[in-house]
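Below is one structure, written out as structure tokens; the observations come after it.
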Amino acid sequence: MRWNKLVQAKIRTLFNRIIITLLYEFDSLCGHVSEYILSQRLGGSCFQMTKLQAKNIVKHFDHNGNSVLALDGINLDVQEGDFLCIVGPSGCGKSTFLNIVAGLEKPDSGEILLNGKPISTPGPDRTMIFQEGALFPWLKVIDNVEFGLKMAGIPKEERRQISQRYLDMMQLTKFAESYTYQLSTGMKQRVAIARALAMDPEILLMDEPFAALDSQTRDLLLVELQLIWERTKKTIIFVTHNISESVILGNRVVVFKNRPSKIKKEIYIDYRRPRLMEDENLQKYYHQILDELKNEVIAQIKDENQ
Amino acid sequence: MRWNKLVQAKIRTLFNRIIITLLYEFDSLCGHVSEYILSQRLGGSCFQMTKLQAKNIVKHFDHNGNSVLALDGINLDVQEGDFLCIVGPSGCGKSTFLNIVAGLEKPDSGEILLNGKPISTPGPDRTMIFQEGALFPWLKVIDNVEFGLKMAGIPKEERRQISQRYLDMMQLTKFAESYTYQLSTGMKQRVAIARALAMDPEILLMDEPFAALDSQTRDLLLVELQLIWERTKKTIIFVTHNISESVILGNRVVVFKNRPSKIKKEIYIDYRRPRLMEDENLQKYYHQILDELKNEVIAQIKDENQ
Amino acid sequence: MNKKIISEKKSQGLHDAANAALMLAVFVGIWEVVFMLGIWSKISLPSPAMVAESFYKITLNLSLPESVGITLGRLVAAFLISISFGTLIGLAMIRFKGFGKTLNSFSAGLLSFPSIAWVPFSILLIGFNEFGIMFVVIMSSIFSVMISTYSSIRNIPSIYMDAARNMGAKGFTLFRYVTLPAATPSLIIGLRQGWSFAWHAIIGAEILMSIVGLGHILSVGRDFLDMSEVIASMITIFTIGLIVDRFLLYKLEDRIRKKWGLDHHR
Amino acid sequence: MNKKIISEKKSQGLHDAANAALMLAVFVGIWEVVFMLGIWSKISLPSPAMVAESFYKITLNLSLPESVGITLGRLVAAFLISISFGTLIGLAMIRFKGFGKTLNSFSAGLLSFPSIAWVPFSILLIGFNEFGIMFVVIMSSIFSVMISTYSSIRNIPSIYMDAARNMGAKGFTLFRYVTLPAATPSLIIGLRQGWSFAWHAIIGAEILMSIVGLGHILSVGRDFLDMSEVIASMITIFTIGLIVDRFLLYKLEDRIRKKWGLDHHR
Amino acid sequence: SQTAETVHVTTNSSADVLRIGYSPNINHAQAVIGIGTGDYQKELGGIKVETQTFNAGPATVEALFANRVDVAYVGPNPTINGYIKSNGQDLRVIAGAASGGAVFVVRNDSGINSISDLGGKKFASPQLGNTQDVALRSFLNKNGYKTSDVGGNIQIINAANSDIVTMMLKKDIDGAWVPEPWGTILERNAHGKILVDERDLWAGGKFTTAVIVARTDYLQNHPDIIKKLLEAHVDETLWINNNKDKAITIFDEQLGNLTGKTIPENELTEAFSRLDITYDPIQSSLYKSADAAYGLGFLDDKKPNLDGIFDLSILNQVLDEKNLSAIQQVNISSTG
Ligand SMILES: Nc1ncnc2c1ncn2[C@@H]1O[C@H](COP(=O)(O)OP(=O)(O)OP(=O)(O)O)[C@@H](O)[C@H]1O
Ligand SMILES: Nc1ncnc2c1ncn2[C@@H]1O[C@H](COP(=O)(O)OP(=O)(O)OP(=O)(O)O)[C@@H](O)[C@H]1O
Ligand SMILES: [Mg+2]
Ligand SMILES: [Mg+2]
């Protein structure tokens, strides 16, 4: 049984990789062939209900006496199976918002409802990939990946299987026994992604998870993440500063205004998956988001110079 | 006198910003107008000599008994005033190479020559922007930026002037008095950039400095960095995983092979500056580099699966 | 907004004080009850009132305030010497690795010397005087300072040192502006421990060398079977230890933790 | 490659040993010279040879090995109790913030109690026996363990706790798999200090309560003006302190530092 | 020693244990010898003898009050302190143990040849307010000197006996008032000479330096056990006085058992020569010591009332049975 699963997983990974490799090799074909193949393999989602609700979230921080208003009334409904991307200028409060959803930080006012019930503590149902390395330096790579599974009480053998799968996906099999200080920054980030994915949570909170990855690895993972999402119907909130990334991944992109942060615009992207970097049809979404952000940058410059 | 300088700096910053803002506002015009304006303002470099030489650098790391060969004979000449970009898959040894150039790590064999003389210790002539936040948590933002200046014995008033200028450039004036834990990740990265630029070193070593920035801020800084480079004729080594970034910035892009790392390809980009993201003419360089890297990713996958 | 924070701080302070007062009251209450139960003779365990009286007496005849002054003066002098030399040696240990490694172990051996063991040497080398006592205090605390300096600095994340050296910091400047502040949170813990060692040592030395001071009051009290005086002086020792810790070392630690953002446990 | 590393390690060990031996030889040499200069009478400062003879004597008549055994047994038992309870209380202090803050200061006050001050209470509450001595040792070291547990845990970067709780770790599991390992590098420093406090205390208590043990040998030696025996027992104290530190605590610290990559100072 | 094994028999008393505290000092010779050789245990029969050694008098009395020992051999000053502190309640002197055995030693090269040379010098005694300290201070006062704490020019420091030796050798002090065998040690090893043998200062050369005290409640509840103890004590005293040489040898042996150390026989002999082993508590000297201590400000603010500190009834009973002359109990009022 188990062996079977392992083989399945291996085959699936390999298959995906072959497809992606093909896509890269035959640039011109990619737009058409890949979309066709992949849209056949994966169906769209159908029935939706509200999974997560942010109600008028306000959060300020104290900076040596000055108060910095980071979030100024964020209202957001996230449907079950939603892939929500958040973009916004640096320092606008994206990470803060994610922390509040994760239950790690308390809002000054407002509340987060999960399945209609207010939450205030962290839990394994909402796994977070932190923007800044939150790997445990006292654990080996593989033990880091298995940490959440161990906490969930999953037996050792199964844990090992799961972690192996994700380490494989992240091309880190060779470094399973290394400690985190022995990894490059990008490798660390991949371990963090593997750790979160391995936990297979209902809700996945990702804070710029691909920032330190080289573009090739990132492209690979962009597809991989879409496949995972399609397959498991996870609810994902994905913070990024890369507009292309948000367009490729999200079925909804939320643009945050600069401090004090409010939601400036929501853009729905209803387009077949998996989407690829090269797809020209995504350009219009890209530009739509870019326009929104440009104004923000200008506002920020004004704000600084006034 | 000093006041004069300050005004000059302010004006220059503002002017640059206005140009960039214009470029964003008038997308269609940008390709032509901007190039014209900027190429008029800035001349190309003329006379070059070898500033930095890497001679057959080899470096391995020990991973619990297994040896990981990170760099396998890197040979590289960097001319004075060169803007050298390094790209390569994650974990291939880019940061390690930069550390060796900075004198922070010792190679197993080979040597680094600066102006023909071998170096082995770090020095303020080669300032590094670290990939992972190396800001001092015990200092305020402004003191972090001024650190290198203080070490160089620059008097307080002058320090303040310089730091103000760069904080301004990074849009962090309002956070000058904050501590680093109070900043968002992108803000931290901007502080690190300000800190390095403020030191005005001969050689600037930058390890994925723009990774955590939102695209708008990044675009701003991409232009800003080109302007600084043109004006001051610094020698810059810039590590990035973003191919566009390398194409826009570098007059030379070096592609690193996957572990064990060697130099796979050097691409010279002789194209007017400042270059902008939107410039279609840069696409050919982009694809040239992408091709090189694709093979690397495939090699890596093979390597993992064998 | 600001005002709210300040008033919160104040009420926090009041709350803490109330907490401490409560703990104290409970303690004294239990003591009184135990005393009244008469389990132990009142010579062995006097009542709070008797101790208070004793306090009153030795305060009035000035022997307590004088001794406290003398002891503290001595202690501060000796501890300052410990800190300066201990830190210097600790740094030398970092600088010269072989020396450091060897001395680290040696210090650990010497750290385990009870202060009592230093007394004969002190008498032999220095004599029965102020400096003799200070010698004991220094020897009892310097190794702790040395070890904690050494460990703290070795535990600094290398990226800070790298960054600083990369920006041209070296030698004393590197130490002053990077090594020291980076090691501070951990150094303070060491300092607090060193302070306790010094406290132990000075009381021990004053008892053994019976030279005027707080330890002397305690030992005289014991010699004359005056337990209430013993307890009174113990309370003084406790209070001073607490005050120094609370209003100096702990405050310092707290400020640094705040500044570093270490206080952000949610 | 591997072999080279191993042989390097070995030669490093040898080098260390040589270093230590050298330091020792220099020390003994100076001592011998001072002795021969006759600055102090040989009653006050015996020669190395006399001390060696004394060593030989008390080893032969078994009083040294027996005392060492007894003292160590006692010490280990008491220290284990200190560690367990100290850690538990330290954790409770983290858990209940008001309590923790108050107790943190109180412990600082109690930490400054010299072990000598605990002796009368120990006699009163427990009596002249093993447990009496252990009480003194426990009281002298538990506060150090408490404070260092408290401080170490409070200094854990919050991101680790956040990440762990986010992955569903809580309660004991959170403690076992995150809090403890994350605090370890700093806890070890505290442990080393606590160990010294315990060492001080046991020698002090054995001296004051004159119950068989290493401290007793020292105090008897002193009472009978046998300085060579005093020095012999001090050397024993030093050696044990050094061995425990070097081969237990320091080893531990070193291993953890290696594992964490803290050793990467370049 | 056989103490540990000889016990364990039946009890016809409510208490079957007697806990004795003492120090391995020469003026506790009866206890050191009698307990070590098992003589005491033999005498007490079914009552188990438990012992505890102390290195100073105050600690001994502390343990007595803490109900950790029932009877103890201690010096007179801790006894007086304890009696006063307990308002005359908690302890009684039930016999004497030793008389004499304290000397004033000065350094050979200190320039002190007679009592008139003491001005401006520095002396040591073992402990503030202990028997020797009081003796030294009252001696100086009586001879017209003043100590530095009251504005005089003689400095007195208190240090452990072994430290006094070091200081004499280093010439940090000019002399010291110490108990035996430290007088002998200073004389022989630290270039000292005996300036005053304290016996010369007392009527009949007798002054108590060790007594047996008992906890009052124990004394009241178990007079039978106390009586057995005193029988053993008196027997031991007589035996020691009749077999001086042998006693010294055995004492040294027992010292070895207790502490692992011995004192050279000749030193011990000399020390014992300035000491009387006795069961007489020499009551008047105790009262005088108390007065002297009071005069020096060492006791409470009001003149100590030592009435009732002695309870010699059982001792006298024992002496009577052994056909020895009884000791007249004196009250403080009779000495003035
Ligand atoms: N612990 C803190 N203390 C004080 N201020 C904070 C703290 N955390 C965040 N802030 C402030 O809140 C604002 C939002 O920070 P946040 O980290 O959420 O930004 P972000 O959108 O994630 O930015 P980036 O893209 O750079 O990561 C910033 O101005 C920052 O200074
Ligand atoms: N301190 C170290 N100990 C052990 N191995 C190390 C250490 N530093 C780097 N390595 C190894 O060296 C290799 C190169 O690392 P490096 O950090 O230079 O990569 P990089 O090219 O900067 O990658 P990235 O783009 O992910 O930052 C990696 O395989 C890493 O595991
Ligand atoms: Mg963020
Ligand atoms: Mg890197």
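Naming convention: chains lettered A, B, ... in sequence-line order (proteins, then strands); numbering from 1 in each chain.
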*Most chain C-contacting option - heavy-atom pairs closer than 4.5 Å, from L139(B), I129(B), T127(B)*: T127(B)
*A163(C) and F130(B): which non-hydrogen atoms are nearest, and at how many Å?*
CA-CE1, 3.4 Å
*asked:* Under 4.5 Å from any heavy atom of chain C, what part of M199(B) do you find: side chain, backbone, both or neither?
replied: side chain
*Near F175(C) CZ, under 6.0 Å, is it more than 12 heavy atoms from other residues, nucleotides or ligands?*
yes
*Can you tell me how far the NZ atom of K150(B) sits from the OH atom of Y177(C), to the nearest 0.5 Å?*
4.0 Å
*What pair of heavy atoms forms the shortest contact from A164(C) to F136(B), and how long is it?*
CB-CZ, 3.8 Å
*Kindly give the heavy-atom pair with the smallest separation between V178(C) and F147(B), and that separation in Å.*
CG2-CZ, 3.3 Å
*Looking at R195(B), Q182(B), K140(B), which one has more heavy-atom pairs under 4.5 Å with chain C than the rest?*
R195(B)
